[in-house]
2 protein chains.
Amino acid sequence: MELAAAKLKFIEAWGKLGSEWGINRTMAQVHALLLISPEALTTEEIMETLSISRGNANMTLRDLIGWGLIEKQHKAGERKEYFFADKDVWNIARQVAKERKKRELEPVLKVLNELSSVQGDDKDPEYKTFKKSITDINKLAGNVDKTLETMLKAEESWFWGSVLKVFK
Amino acid sequence: MELAAAKLKFIEAWGKLGSEWGINRTMAQVHALLLISPEALTTEEIMETLSISRGNANMTLRDLIGWGLIEKQHKAGERKEYFFADKDVWNIARQVAKERKKRELEPVLKVLNELSSVQGDDKDPEYKTFKKSITDINKLAGNVDKTLETMLKAEESWFWGSVLKVFK
DNA sequence: TTAAAGTTTCAAAAATTATTGAAAGTTTAT
DNA sequence: ATAAACTTTCAATAATTTTTGAAACTTTAA
């Protein structure tokens, strides 16, 4: 396969994966494009390569900055803004984990904790079933949360070394 | 908080979490409803409780069965079908991990492997950057895959015991 | 067989989400 | 102060996803 074709295929695959995981396709594609670009790119270049509008490009780039996945760069003597992606895949994974934990996991944990304190009659099957499911989900979510917390602080080699060693 | 209100809140929260993670809101809500129901429910009861149409309920229930999260039950002497959710949260997590691994992770791993074999000139920064990103993502995805694989086979207590022990 | 009870299907409609593009805004240089 | 270069905003539109509901289908019992 040609490099040019391979790049397109990667952008497409990354976009598809993103859209399956609640990240808008265009955002994932822009990220993919920047991930495989040795140089920072301008909005124009991104619009052109992915055939998207200026407005879309601008919003998407802003979101990616918000996720901590790319940064603006300026070149001496130029007005244009350039965008450059962090290429460290472990940083990317941590960044995504951090944001999704904050935006999605934590709000749910908060609700689950509230629901955990609902009182009722242990003889009532409705209450018993509710209570047990909430408690179990809460425990699992707590473990996920702790593991992500560790991941956020860890070096990649240490993290996978530790996790995979256990599973031999 | 009243049990009835708490149930609604749980259904809503579970639906929101689902929709943020690429699972249709109604499907997550039906799952939530069955998770906190001690008894199996009929299509009618589900339609009624969640205010959804028969067609939607039917399709959603079929999908949930496809995900291995609920099962049909029949009561002696009745024509109606009842639906019952597996209440074991670790089973649920494994089942979801299994399906998403198969449907989403594996196809991407396949593409990444193809892309890994693209040849090029190591002096070409375009090629070098592409190669490095693909290789790194491939390694990370491989580790995730291995960990999920272990999770699928493991008992909950063993799995979290092992993972969390490392992180003390 | 027939009809009642129940389930499934799927084209059309509704709801949601993403994208466009042009106008408004900003910054810089002269 | 003006204009050129560039960025941001957002109402309107397009695309996608979800839901509806009625017709078709299936199963069971009389």
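Order of the sequence lines fixes the chain letters, A, B, ..., with proteins taken first and strands second; residue numbering starts at 1 for each chain.
Residues B:Q29 and B:W14 bring no donor and acceptor atom of their side chains to less than 3.5 Å of each other.
A close approach under 4.0 Å does not occur between any side-chain nitrogen or oxygen of B:N24 and OP1 or OP2 of C:dT16. At the phosphate of C:dT7, neither OP1 nor OP2 sits under 4.0 Å from any side-chain N or O atom of B:N58. Distances shown here put every side-chain N or O of A:K72 at or beyond 4.0 Å from the OP1 or OP2 atom of D:dC6. OP1 and OP2 of C:dG6 both lie 4.0 Å or more from every side-chain N or O belonging to B:T43.
A:E149 and A:K146 are not joined by a salt bridge, as no carboxylate oxygen comes within less than 4.0 angstrom of a charged side-chain nitrogen. Taking a cutoff of 4.0 Å between a charged side-chain nitrogen and a carboxylate oxygen, B:D136 and B:K132 qualify as a salt bridge.
Judged by closest nucleotide on DNA chain D, A:N56 is the one of B:G55 and A:N56 placed further toward the 5' end.
Applying the salt bridge (Lys or Arg N to Asp or Glu O under 4.0 Å) test between A:D145 and each of A:K98, A:R100, A:K101 identifies A:K101 as the sole match.
The CZ-C1' distance, from A:R62 to C:dT19, rounds to 14 Å in whole Å. Per the geometry, CD belonging to A:Q29 stands 13 Å off P belonging to C:dA18, to the nearest Å. In this structure, the OH atom of B:Y82 is 15 Å from the P atom of C:dA5, given to the nearest Å. Distance B:R25 CZ to C:dA15 P: 14 Å, rounded to the nearest Å. Taking atom CG of A:L64 as the reference point, atom C1' of D:dT7 lies 17 Å away to the nearest angstrom. At whole-Å resolution of the value, CG in B:D63 and P in C:dT9 are 11 Å apart. As rounded to whole Å, 15 Å separates atom P of C:dT8 from atom NZ of B:K80. For B:L61 and C:dT9, the CG to C1' distance is 15 Å, given to the nearest whole Å.
Across C:dT8, C:dA18, C:dG21, the shortest atom-to-atom separation from the side chain of B:E81 is found for C:dT8. Looking at the side chain of A:I52, the nearest of the listed nucleotides D:dT27, C:dT20, D:dC6 is C:dT20. Listed nucleotides: C:dT27, D:dC10, D:dT28. Nearest to the side chain of A:M59: D:dC10. Ranking D:dA5, D:dT19, C:dA5 by closeness to the A:R79 side chain, first place goes to D:dA5.
Below the 3.5 angstrom threshold, one finds no donor paired with an acceptor across the side chain of B:R54 and the base of C:dT7.
Under the 3.5 Å distance criterion, the side-chain polar atoms of B:T129 are left unmatched by any main-chain donor or acceptor of B:E126.
Within the nucleic acid shown, B:S51 comes within 4.0 Å of sugar-phosphate atoms alone, with no base atom in reach, counting heavy atoms only.
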